[in-house]
Number of protein chains: 2
Amino acid sequence: MDFTPLFHNFAKHITLTKTEEKYITSLLDFKIIKAKEFLVQQGEISKQSAFVLNGCLRGYTIDSEGTEHVLSFAPKDWWIADMYSLLSQKPGNLNIEAMVDTEVALISKTNQDLMYEKVPKLERFFRIIIEKSLVAYQQRLNDNLSLTATERYMKFCKTYPQLINDIPQKQIAAYIGVTPEFLSKLRAKQVKAK
Amino acid sequence: MDFTPLFHNFAKHITLTKTEEKYITSLLDFKIIKAKEFLVQQGEISKQSAFVLNGCLRGYTIDSEGTEHVLSFAPKDWWIADMYSLLSQKPGNLNIEAMVDTEVALISKTNQDLMYEKVPKLERFFRIIIEKSLVAYQQRLNDNLSLTATERYMKFCKTYPQLINDIPQKQIAAYIGVTPEFLSKLRAKQVKAK
DNA sequence: ATCATTTCTTAATCTAGGTTAAGTATTTTC
DNA sequence: GAAAATACTTAACCTAGATTAAGAAATGAT
């Protein structure tokens with residue numbers, strides 16, 4: 001149960017004292033999520049955010065046809081949560097599932113609010129990472145409005161080179177917004193083009 | 001030049017003293033943007049965020065084919081900025097244009113950073129509104145991945161009832177991600193269905 | 001190692017939504 | 001208030017990507 005990667009993450013934007021680190025540690029939970037198990041499932045009210053210490057989670061929704069849509073992958077050093085449910089305290093529609101056995105640091109909403117009071121610097125930290133996340137989602141929405149499936153796939157490959165070989169293609173398809181069959185067709189065409 | 005709506009907006013999440021309000025006011029600029037004029041254009045490095053006192057702005061990109069994609073409408077009481085450019089201080093790809101004559105309160109990035117130092121409560125305020133914005137973009141991305149054009153149009157009508165009659169249909173089309181011709185077809189079908 | 005499950009590929013067929021084009025409102029501008 | 005510009009509609013035709021289906025390859029469980 002080593003939270004070092006989390007404190008490295010904090011250190012990217014703020015400086016914490018040893019005392020503050022100990023205090024924060026006291027508010028964290030550690031959990032191992034086995035492959036294919038869930039951190040949250042749709043319909044539940046989310047109680048916590050997760051920071052991935054190692055392994056990989058994915059957040060996805062299931063639409064009325066039963067099709068999955070991946071909203072985010074969270075490999076090592078990424079934050080993930082059903083922000084909608086966490087903020088509104090209403091049932092969410094996100095499933096957060098482990099793609100491989102995954103270790104996470106968990107912060108409950110209650111403890112996060114406590115942390116903000118006791119260590120106001122964290123308010124800045126989370127403002128900054130949420131800003132970055134917002135920019136990424138705006139960019140991705142824009143990509144979905146303006147790029148073809150092929151362009152989105154190529155962009156995904158550039159943006160997540162480490163994930164390409166580690167995750168099933170059907171998950172990439174569910175992220176860029178095409179069927180697995182069509183992604184397969186695209187890739188076959190690209191190979192020929194070389 | 002009346003910033004009252006902005007302080008009402010702050011009051012939704014934090015409480016400011018009169019002194020703090022005066023200090024913040026000293027860091028704001030007031031500007032009238034005439035219809036069809038720009039607050040920012042793609043290629044520029046954004047220097048400020050805007051809060052709409054009255055009127056309406058829209059943020060859109062133009063893709064390689066010359067097609068416009070609306071990322072956000074900002075009517076009265078909304079915040080808008082090219083967050084990517086503002087945070088990275090690199091040239092952005094967002095155009096922010098007034099749809100009608102619009103009055104805005106502007107905060108430069110420099111002054112915003114100053115404000116965070118002097119009035120740390122604002123750090124919380126902006127964390128909260130950015131969180132909400134993030135949830136909205138996640139939801140919208142999910143809608144674009146999982147809903148049909150008709151469903152997205154109906155959802156837009158529910159979400160922005162006040163905008164429906166005030167903005168050109170082609171802007172709604174550029175927001176939900178269809179051509180104006182196709183939106184026109186959808187609407188004709190809906191009218192018949194009644 | 002073997003069987004079962006899941007993932008990936010290929011190919012034929014289909015469709016939501018795009019494109020092109022031409023005509024009809026509706027605004028804007030002077 | 002007439003002319004020009006912009007927005008909206010309709011319709012014929014087109015295409016990127018979906019669907020269906022069936023086989024091949026990879027992974028996992030026992």
Side-chain angles (χ1 to χ4, degrees), chain A residues 34-37 56 58 60 62-70 73 97-101 143-157 163-194, chain B residues 34-37 55-56 58 60 62-70 73 97-102 143-157 163-194:
Chain A
K34 289 269 183 67
K36 301 200 179 175
E37 286 183 353
C56 189
R58 64 185 249 269
Y60 65 95
I62 300 177
D63 68 22
S64 55
E65 319 275 74
T67 308
E68 292 185 2
H69 304 282
V70 174
F73 292 110
E97 187 186 322
M99 304 182 72
V100 294
D101 292 357
D143 289 347
N144 274 277
L145 291 172
S146 58
L147 304 180
T148 64
T150 311
E151 290 168 330
R152 274 176 277 142
Y153 177 62
M154 292 190 314
K155 199 157 180 178
F156 182 90
C157 293
L163 285 182
I164 292 294
N165 304 308
D166 287 0
I167 70 181
Q169 263 180 57
K170 57 180 289 199
Q171 309 290 8
I172 300 176
Y175 182 98
I176 63 176
V178 293
T179 57
E181 293 84 352
F182 189 69
L183 178 55
S184 186
K185 194 151 84 178
L186 289 186
R187 297 183 75 238
K189 218 178 290 172
Q190 286 188 348
V191 170
K192 268 184 210 157
K194 280 181 190 169
Chain B
K34 290 270 182 69
K36 301 199 180 176
E37 287 183 353
C56 190
R58 64 185 250 266
Y60 65 96
I62 300 176
D63 68 22
S64 54
E65 320 274 72
T67 308
E68 293 185 4
H69 304 282
V70 174
F73 293 110
E97 186 185 322
M99 303 181 72
V100 294
D101 293 357
T102 300
D143 289 348
N144 274 277
L145 292 171
S146 58
L147 303 181
T148 63
T150 310
E151 291 167 329
R152 274 176 277 141
Y153 177 61
M154 291 190 314
K155 197 156 182 180
F156 182 89
C157 293
L163 285 182
I164 291 293
N165 303 308
D166 288 0
I167 70 181
Q169 263 180 57
K170 58 180 291 202
Q171 310 289 7
I172 300 177
Y175 181 97
I176 65 176
V178 294
T179 57
E181 292 85 351
F182 189 68
L183 178 55
S184 186
K185 195 151 81 177
L186 289 186
R187 298 184 75 238
K189 219 179 290 174
Q190 285 189 348
V191 170
K192 268 183 208 157
K194 282 181 188 170

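Numbered from 1 within each chain, the chains take letters A, B, ... in sequence-line order. Quick note: numbers below take in every heavy atom, side chains included, and nothing from hydrogens, waters or symmetry partners.
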_Expected output: side-chain B:Thr102 to main-chain B:Val100 donor-acceptor under 3.5 Å_ = yes
*asked:* Could you measure the distance from the CD atom of B:Glu181 to the CG atom of B:Leu186? Nearest 0.5 Å is fine.
replied: 12.0 Å
*Are any of the side-chain heavy atoms of B:Glu68 and B:Lys170 separated by less than 4.5 Å?*
no
_Nearest whole Å is fine: how far is C:dG17 C1' from B:His69 NE2?_
14 Å
*asked:* In whole Å, I'd like the distance from the CZ atom of B:Arg152 to the P atom of C:dA16.
replied: 13 Å
Between the protein and nucleotides 3-9 of chain C, list every N/O to N/O distance that falls short of 3.5 Å.
residue	atom	partner	partner atom	Å
C:dT7	OP2	A:Lys170	NZ	2.9
C:dC8	OP1	A:Gln169	N	2.8
C:dC8	OP2	A:Gln169	N	3.2
C:dC8	OP2	A:Lys170	N	3.0
C:dT9	OP2	A:Gln169	OE1	2.8
C:dT9	OP2	A:Ser184	OG	2.9
C:dT9	O5'	A:Ser184	OG	3.1

*Would you mind reading off the distance between B:Ile172 atom CD1 and D:dA7 atom P, rounded to a whole angstrom?*
13 Å
*State whether B:Thr148 places a side-chain N or O below 4.0 Å from either non-bridging phosphate oxygen (OP1 or OP2) of C:dA16.*
no
*Could you give me the CA-CA distance, side-chain angles and deciding distance for A:Gln171 and A:Tyr60, then say whether side-chain contact (heavy atoms from CB on, under 4.5 Å) is met?*
CA-CA 10 Å; A:Gln171 309 290 8; A:Tyr60 65 95; over 6 Å; no
_Donor-acceptor under 3.5 Å (B:Glu151 side chain, B:Thr148 main chain)_ = yes
*Where does the angle between the aromatic ring planes of B:Phe73 and B:Tyr175 fall among parallel (under 30°), tilted (30 to 60°) and perpendicular (over 60°)?*
parallel
*Using atom CZ of A:Phe182 as one end and atom P of C:dT13 as the other, report the distance to the nearest whole Å.*
18 Å
_Side-chain donor or acceptor of B:Asp101 paired with backbone N/O of B:Ala35 under 3.5 Å_ = yes
*Quickly work out the B:Asp101 CG to C:dT28 C1' distance and round it to whole Å.*
13 Å
*Roughly, in whole Å, what's the span from CG in B:Asp166 to C1' in D:dA7?*
16 Å
*asked:* Between the opening five pairs and the closing five pairs of the helix from C:dA1-D:dT30 to C:dC30-D:dG1, how far apart are the helix axes, to 10°?
replied: 70°
*asked:* Quick check against the 3.5 Å criterion: does A:Arg58 have a side-chain atom that pairs as donor or acceptor with the backbone of A:Glu97?
replied: no
*Between B:Met99 (CE) and C:dT28 (P), how many Å, whole number?*
12 Å
*Taking CD1 from B:Ile164 and P from D:dC8, how many angstroms apart are they, rounded to a whole number?*
12 Å
*Partners meeting side chain to side chain contact (heavy atoms under 4.5 Å, CB included) with A:Asp63 (sequence neighbours left out)*: A:Glu65, A:Thr67, A:His69, B:Ser146
